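Report on one structure; see the data block that follows.
What you see is a predicted model; the values in this text were computed from it and never measured. So that the names make sense, note that chain A is the first sequence line, chain B the second, and so on, each numbered from 1.
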Amino acid sequence: MIPMTPLQSLQCSSFTIPAHPFDQIPQPTPSSSSWPSLLLLRSRQIPTKSLTRQTHAQALKLHLLSDPRFATSLMESYFRFDGADAASAVFDHNCQTNANGSPVPWTLLSTLYLKENKPSSALQLLYKMLRSGIEPDSVALATAAKACARLRSLRDARKVHKIAKMKGFDHDVLVGNSIIKMHLECGSINQARSVFDGLPSKDLVSWTTVINGLVRDGEFNEGLKLFRAMCASGATPDSFTVSAVLPACGRMTACKNGKEVHAQIVRQGLGKNVVVENALVAMYVKSGCLEYASRIFQRMIFKDVISWTIMILGYSMHGRGEVAVELFEEMEANGRVISDRTVYAAALNACSTACLVDKGKGLFGRIRRPGVEHLVLMGGLLSRAGFFIEARAFLEEHKLGRCSAACRAVLDGCRSHRNVKLGKRVAEQLAELEPLNVDNYVLLSNLYASREKWGMVRELKETIRDMGLKPNRAYAWIEIRNKVHVFGTGDVSHPRSEGIYWELQRLLGKEMREEQGYAAAREDFSLHDVDEERECIPHGHSEMLAIGLGLIGSNAAAVRVTKNSRVCRDCHEAAKAMSRITGRDIVVKDPERFHHLNNGACSCGDMW
DNA sequence: CTAGGGTTAG
């Protein structure tokens with residue numbers, strides 16, 4: 001059967017449409033069920049406001065507005081011209097007083113408020129509906145949950161959840177899924193999880209929502225576990241599901257998990273979807289497999305601005321700032337996508353990686369209304385390139401003296417250039433700006449230690465303790481044959497600990513330890529538990545231990561280590577030496593970038 | 001053929 005056009009289908013109904021349906025209301029009165037579709041049809045074509053007004057007038061005359069189907073159609077039409085308040089006027093006159101009424105007009109108006117990003121109005125309306133004694137249906141409750149999610153109000157979330165339970169909708173898939181999402185947005189992962197676990201029948205949306213929530217919360221293992229459980233339960237993942245789980249693979253270092261999901265994508269034929277491809281590229285970038293990422297990127301038929309952003313950031317993360325800048329220029333040249341502020345930020349980041357000051361300045365000048373993120377990156381670029389005077393002038397010019405992110409960016413340059421003098425000043429400023437951020441005190445303590453101001457170090461230590469703050473522990477991990485080995489600073493708990501220390505000592509030698517060990521660390525100021533690190537045995541930093549295990553415990557092509565904080569200069573130097581002596585590739589991932597250490601050199605060019 | 005739930009970068 002040939003599908004009918006809307007017009008044809010309308011003509012098949014109880015009456016025939018005259019040439020201008022709204023100019024001549026057919027007589028006798030059409031059955032009320034035809035009317036909403038008539039209005040909808042008109043609004044799907046190019047609707048005019050006067051047409052809606054005329055319909056409204058006719059409907060009033062014919063007393064059709066007490067029918068919620070008609071009222072909602074009209075509300076939707078008015079919404080398109082004059083927004084939710086216009087729809088609300090129709091609603092107020094026709095729907096509110098209907099005590100035995102349908103929840104549909106209420107829900108529709110609520111949805112319209114959500115479209116205008118007024119979640120509070122949306123939620124209050126539904127509360128009012130309940131007070132009016134109207135029984136909510138699943139859509140009404142799902143909409144209320146969505147409003148809570150948007151509001152990020154834990155209190156309202158609990159309230160709506162309670163109502164859903166009371167009305168017996170908490171086992172409904174639609175309501176359940178919305179409530180899961182609501183709890184996730186409001187920050188209560190446990191609640192979300194328990195609703196998910198309690199759902200008698202879960203669909204793809206249930207799985208996707210909760211997997212995404214876990215992954216966003218950093219529970220990568222749990223997210224992956226759930227993904228596998230879903231596949232095992234017989235459900236077939238779709239593009240949404242794989243996109244939700246892929247970020248978990250990217251953050252797990254080895255891309256084994258990622259390849260597993262990649263295989264799944266190929267099997268299900270999901271690989272020709274931009275979002276999925278973007279997620280794949282990002283996963284390979286974060287797994288340290290830049291070649292895979294680039295290959296997929298190159299083969300993408302359709303690339304959106306996000307694709308380019310991911311790849312530009314990817315090259316930067318791997319120390320290939322020049323390539324990243326070229327990529328940005330290629331994107332602008334082919335003109336198929338419109339640059340947004342994020343891709344500009346990525347491009348500035350690329351300039352910063354490669355210390356391309358002039359390019360960065362040119363780029364910055366082309367950003368119409370630079371945001372804080374752009375200013376911070378520009379300041380960081382100047383500082384990283386060693387233009388300290390210019391960097392400070394830039395901060396001054398843009399009134400960024402009280403912007404902690406900007407201070408941190410400048411501090412980063414001081415670190416690379418070992419500018420302790422300016423570094424100390426900025427760090428003190430930073431500690432003043434964020435008195436509760438323990439990292440700042442650790443940083444300061446490190447800087448005072450580099451100047452051997454032990455009194456200040458002691459004082460800071462007491463301050464930290466008195467404020468009830470605890471320095472973040474530094475740790476690193478390595479995955480060998482499906483097992484993750486985690487090391488803390490000076491860790492001796494690993495079964496092969498003795499072998500690790502022995503190997504490190506053998507490789508790095510006594511003289512190196514003495515010359516470089518403390519001397520280099522003194523000039524370093526990185527963000528981790530320095531006090532502990534300074535006092536620990538030589539080469540006892542977590543990343544050293546993880547690399548040591550990788551060298552003696554695995555024959556993999558490259559030793560891949562991840563650290564939760566930045567690598568210190570000492571370890572960076574040592575790792576370079578080890579890559580030269582052993583002839584093996586070492587890849588260290590820190591929160592900022594990858595260090596590909598090969599034959600004594602690092603991809604970051606010692607600018608990290 | 002009235003209303004509703006999930007994905008990628010930062």
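- Distances shorter than 4.0 Å separate none of the side-chain N or O atoms of A:Arg216 from OP1 or OP2 on B:dG6.
- Between the base of B:dT8 and the side chain of A:Ser243 there is no donor-acceptor pair shorter than 3.5 Å.
- Using a 4.0 Å heavy-atom cutoff across all strands shown, A:Asn273 reaches no nucleic acid atom at all.
- Here A:Glu434 pairs with A:Arg408 in a salt bridge; the nearest charged N to carboxylate O distance falls below 4.0 Å.
- Side-chain nitrogen and oxygen atoms of A:Lys146 include none within less than 4.0 Å of the OP1 or OP2 phosphate oxygen of B:dA3.
- Judged by a 6.0 Å distance limit and a 45° cone about the ring axis, A:Lys159 is positioned over the six-membered ring of A:Tyr127.
- No hydrogens or angles were tested; on distance alone, nothing pairs the side chain of A:Thr209 with the base of B:dG6 as donor and acceptor under 3.5 Å.
- Within the nucleic acid shown, A:Leu204 comes within 4.0 Å of at least one base atom, counting heavy atoms only.
- Taking every side-chain heavy atom of A:Ile310 into account, B:dA9 is the closest of B:dT2, B:dG6, B:dA9.
- A:Ser239 comes within 4.0 angstrom of a nucleotide base, judged by non-hydrogen atoms across all strands.
- Taking atom CE of residue A:Met311 and atom C1' of nucleotide B:dT8, one finds them 15 Å apart after rounding to whole Å.
- Side chains of A:Tyr292 and A:His262: no donor on one and acceptor on the other come within 3.5 Å.
- Residue contacts shown for A:Val175 are absent, as no nucleic acid heavy atom lies under 4.0 Å away.
- We find that OH of A:Tyr344 is positioned 22 Å from P of B:dA9, with the value rounded to whole Å.
- The CG atom of A:Asp203 sits 13 Å away from the P atom of B:dT7 (whole-angstrom rounding).
- The distance between the ring centers of A:Phe196 and A:Trp207 falls below 6.0 angstrom.
- As judged by a 4.0 angstrom heavy-atom cut-off over every strand, A:Thr111 is placed among residues touching the sugar-phosphate backbone only.
- Taking the side chain of A:Thr72 as heavy atoms from C-beta on, and the options B:dG6, B:dT7, B:dT2, the nearest nucleotide is B:dT2.
- Atom CG in A:Leu377 sits roughly 18 Å away from atom P in B:dA9 (whole-Å rounding).
- Rounded to an integer number of Å, the gap from NZ of A:Lys181 to P of B:dT7 is 4 Å.
- Rounding to whole angstrom units, CE of residue A:Met230 and C1' of B:dG6 are separated by 12 Å.
- Centroid-to-centroid, the aromatic rings of A:Tyr344 and A:Phe364 stay 6.0 Å apart or farther.
- Here A:Ile306 lies in heavy-atom contact (under 4.0 Å) with a base.
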